[in-house]
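Notes to accompany the following structure.
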Amino acid sequence: MNSPARILFMHDYVIIGGGIVGLATAMAVGNKHPMASILVLEKEQDLAQHQSGRNSGVIHSGIYYKPGSLKARFSREGNRSMIEFCREHGIKHDVCGKVIVATKPWELPSLESLFQRALAHGLSIARLGPEQVQEIEPHVRCLGGVSVPSTGIVNYRQVCAKYVELIKSQGGTVQTGTRVDGLRKGNGTQVIETSHGEFEARFVINCAGLFSDRVARFESLDAGAKIVPFRGEYYQLVPERRYLVKSLVYPVPNPCFPFLGVHFTRMINESVHAGPNAVLAFKREGYRKTDINCADLLETLTFPGFWKLASKHYRDGIMEMVRSVSKRTFVKGLQELIPEVTEDDLIPTHSGVRAQALMADGKLVDDFLIVNGENSIHVCNAPSPAATASLEIGRFIANQVPEVTSARQVRRFCLAN
Ligand SMILES: Cc1cc2nc3c(=O)[nH]c(=O)nc-3n(C[C@H](O)[C@H](O)[C@H](O)COP(=O)(O)OP(=O)(O)OC[C@H]3O[C@@H](n4cnc5c(N)ncnc54)[C@H](O)[C@@H]3O)c2cc1C
């Protein structure tokens, strides 16, 4: 019996993953190498269906990140480039600013360190007394705050849609509904095995988000970290109580887990979201509490790094789980910022799952992690603020990739046997 024809399509650069990082990378590589043929492969039928379409929509300022880190650099520059991009392409956004507030006396020193760090980053910010906070956010009760005027809001799905338009206008191709199942060496190239046949690329860029570690393993690349999925659940204020929040209200972050601590975010569509919390997801793309994938869960539970993290921070973990099942506890956290908020004011809304890389010693990979393979680059950790920083991450990768011989015309090999 004849086996079906295997068709290899040759491209210069293939990007795996149609989230905001993959799309920004495709665009940047296209800008840098205008004659190259570029293909984005996305497993879903539509783009930005995971982290990039399920986030808080904040254009971060870069205040939180360690000086000298990629996160600090890319978010600061990314804040400017994202706002500029939205202006240039008519994408609705609002540079509404945010306040970070201390509600307990012991948070004041951390707020001060944050203020000093922001100054060191060269950010324009202001220290605020409780009354000054109330001039900006009349319903917030606190002991002091910091205002960060450069923070903005946008819908990142709209940003992704614009990236796609630009990739296509450069001559690139974005192919959805095509899952990458394997990589193998070709003749100086990479052969990409997918649910829709095989493709050949001179260079591959892995931007697979929640699956980036698995895609890296297709090439036997060990980045020293595994993706552990943390679900973030949100509530939203009922429309008649939206007036309680003018823009963005954040607590002072926990330095170990800056993503912990529920906050209020005005979205670009005028709704006001509260959250997210952070609980272990039992499925990499598990958006409901009941979503379980045995293989995903087993992979997490058999990873020594997970248990090291859990044994060190089990109190935070339990608190987040309680917040997930008890609306009362979730609301209590919010009432520390705005005491007037009640359970009746909040209804559940979407959730997102963060792709957080965790090392075998139980430490979270704090910075963006971009690793070189053979004829490949793998984005192994791109958590928040990677949406804000996407244009910068894309440019950074485009500057790393080698120039490969242009193959403007897609070649087709039929290897029937
Ligand atoms: C709850 C939450 C709130 C956040 N809030 C903010 C915020 O306010 N501001 C901010 O800047 N950042 C925020 N972030 C972070 C930001 O959303 C992510 O850092 C960013 O979206 C990561 O983009 P990505 O392209 O790497 O991943 P993704 O958007 O997850 O994209 C990866 C893509 O790869 C595809 N894929 C995976 N495996 C395969 C395969 N084998 N074959 C083909 N395709 C594959 C997936 O289907 C997916 O579309 C938040 C994240 C979460 C989860």
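All values below come from the heavy atoms of this structure, side chains included, with hydrogens, waters and symmetry mates left out. Atoms within each ligand, like the ligands themselves, are counted from 1 in listed order. On a predicted model such as this, the values are computed, not experimentally measured, just so you know.
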field: Any Leu358 side-chain heavy atom under 4.5 Å of Lys363 side chain
entry: no
- prompt: Just wondering, do Pro229 and Phe282 contact through their side chains at under 4.5 Å, heavy atoms?
  reply: no
message: If the cut-off is 4.0 Å to any non-hydrogen atom of Glu44, which atoms of ligand 1 fall inside it?
response: 47 (O)
task: Give a yes or no answer on whether the side chain of Ser271 reaches the backbone of Met267 with a donor-acceptor pair at less than 3.5 Å.
output: no
message: For His350 and His273, I'd like to know if the aromatic rings sit close, meaning centre-to-centre distance below 6.0 Å.
response: yes
message: Can you check which of Ser351, Ser384, Ala389 brings a heavy atom nearest to atom 15 (C) of ligand 1?
response: Ser384
Check: Leu346 and Leu237 side chains under 4.5 Å, non-hydrogen atoms: yes
- prompt: Between Phe368 and Phe74, how do the two ring planes meet: parallel, tilted or perpendicular, split at 30° and 60°?
  reply: parallel
Pair Leu111-Phe115, side-chain contact (heavy atoms from CB on, under 4.5 Å): steps then yes or no: CA-CA 6 Å; Leu111 187 69; Phe115 180 74; 6.0 Å; no
field: Other residues, nucleotides, ligands: >12 heavy atoms within 6.0 Å of His89 NE2
entry: yes
- prompt: Any N or O of Gln49 that comes nearer than 3.5 Å to an N or O of ligand 1?
  reply: no
- request: Report the nearest protein non-hydrogen atom to atom 31 (O) of ligand 1: residue, atom name, distance rounded to 0.1 Å.
  value: Gly19 CA, 3.3 Å
message: Taking a cutoff of less than 4.0 Å between a non-hydrogen atom of the residue and any ligand atom, is Gly17 in contact with ligand 1?
response: yes
task: Verify, without hydrogens or angle tests, whether Glu299 (side chain) and Leu297 (backbone) share a donor-acceptor contact under 3.5 angstrom.
output: no
message: For Phe230, state whether at least one heavy atom is located under 4.0 Å from any atom of ligand 1.
response: no
- request: Indicate, as side chain, backbone, both or neither, the part of Phe218 found under 4.0 angstrom from ligand 1 when only non-hydrogen atoms are considered.
  value: neither
Any N or O of Arg179 closer than 3.5 Å to N or O of ligand 1: no
query: For ligand 1, is there an atom lying under 4.0 Å from some heavy atom of His60?
result: yes
statement: for atom 30 (O) of ligand 1, nearest protein heavy atom and its distance come out as Gln51 NE2, 3.1 Å
- prompt: If you count the atoms of ligand 1 from 1 in the order shown, which ones are under 4.0 Å from a heavy atom of Pro385?
  reply: 10 (C), 11 (O), 12 (N)
message: If the contact criterion is a heavy-atom separation under 4.0 Å, does Thr178 count as touching ligand 1?
response: yes
Non-hydrogen side-chain atoms of Thr151 and Val95 separated by less than 4.5 Å: no
Residue Pro383 vicinity, atoms of ligand 1 by number, heavy atom under 4.0 Å: 19 (O)
message: If the test is side-chain hydrogen bond (donor to acceptor under 3.5 Å, both in side chains), which one of Arg323, Glu233, Glu320 qualifies with Asn277?
response: Glu233
query: Out of Ala208, Ala382, Gly182, whose heavy atom sits nearest atom 19 (O) of ligand 1?
result: Ala382
- prompt: Which atoms from ligand 1 have a heavy atom of Leu41 less than 4.0 Å away?
  reply: 43 (C), 44 (N)
- request: Could you tell me whether some N/O pair between Lys43 and ligand 1 is separated by less than 3.5 angstrom?
  value: yes
query: Counting both backbone and side chain atoms, is some N or O of Val215 under 3.5 Å from an N or O of ligand 1?
result: no
field: Atom indices of ligand 1, in the order listed, that fall short of 4.0 Å to a heavy atom of Gly209
entry: 27 (O), 32 (C)
- prompt: Purely on distance, is any nitrogen or oxygen of Thr388 under 3.5 Å from one on ligand 1?
  reply: yes
- prompt: Any idea which protein heavy atom is nearest atom 41 (N) of ligand 1, and the distance to it?
  reply: Val180 O, 3.0 Å
message: Is there a side-chain contact between Lys98 and Glu137 in this structure, where contact means two heavy atoms from C-beta onward sitting under 4.5 Å apart?
response: no
- line: Logged contact type for Cys207 with ligand 1, heavy-atom cut-off 4.0 Å, is backbone
Name of the residue among Val14, Ile16, Thr178 meeting side chain to side chain contact (heavy atoms under 4.5 Å, CB included) with Thr194: Thr178
message: I want to know if ligand 1 touches Val353 in the polar sense, i.e. an N/O pair below 3.5 angstrom.
response: no
query: Quick one: does NZ or CZ of Arg54 land under 6.0 Å from the six-membered ring centre of Tyr287, within 45 degrees of the ring axis?
result: yes
message: Please compare Glu233, His50, Glu42 and report which has the shortest non-hydrogen distance to atom 33 (C) of ligand 1.
response: Glu42
message: Is it the case that ligand 1 has an N or O less than 3.5 angstrom from some N or O of Gly352?
response: no
Over-ring placement of Arg202 relative to Tyr13, 6.0 Å and 45° cut-offs: no
- prompt: Would you say Ile15 and Ile38 make side-chain contact, with heavy atoms under 4.5 Å?
  reply: yes
- prompt: Which ligand 1 atoms does Val58 reach within 4.0 Å, using its non-hydrogen atoms?
  reply: 7 (C), 8 (O), 9 (N), 10 (C), 11 (O)
field: Enumerated ligand 1 atoms positioned under 4.0 Å from heavy atoms of Val21
entry: 23 (O), 24 (P), 25 (O), 26 (O)
field: Closest candidate by heavy atom, reference atom 6 (C) of ligand 1, pool Leu47, Ile59, Asn55
entry: Asn55
task: For His60 and Tyr65, test the side chains for any donor-to-acceptor distance below 3.5 angstrom and give the result as yes or no.
output: no
message: For atom 29 (O) of ligand 1, what is the closest protein heavy atom, and at what distance to 0.1 Å?
response: Ser52 OG, 2.5 Å
message: Considering both backbone and side-chain atoms of Tyr234, is one of its nitrogen or oxygen atoms within less than 3.5 Å of a nitrogen or oxygen in ligand 1?
response: no
field: Close N or O approach (Glu285, ligand 1; < 3.5 Å)
entry: no
- prompt: What atoms of ligand 1 come closer than 4.0 angstrom to any heavy atom of Ala386?
  reply: 19 (O)
task: Answer yes or no: is there a side-chain heavy-atom contact under 4.5 Å between Ile91 and Phe85?
output: yes
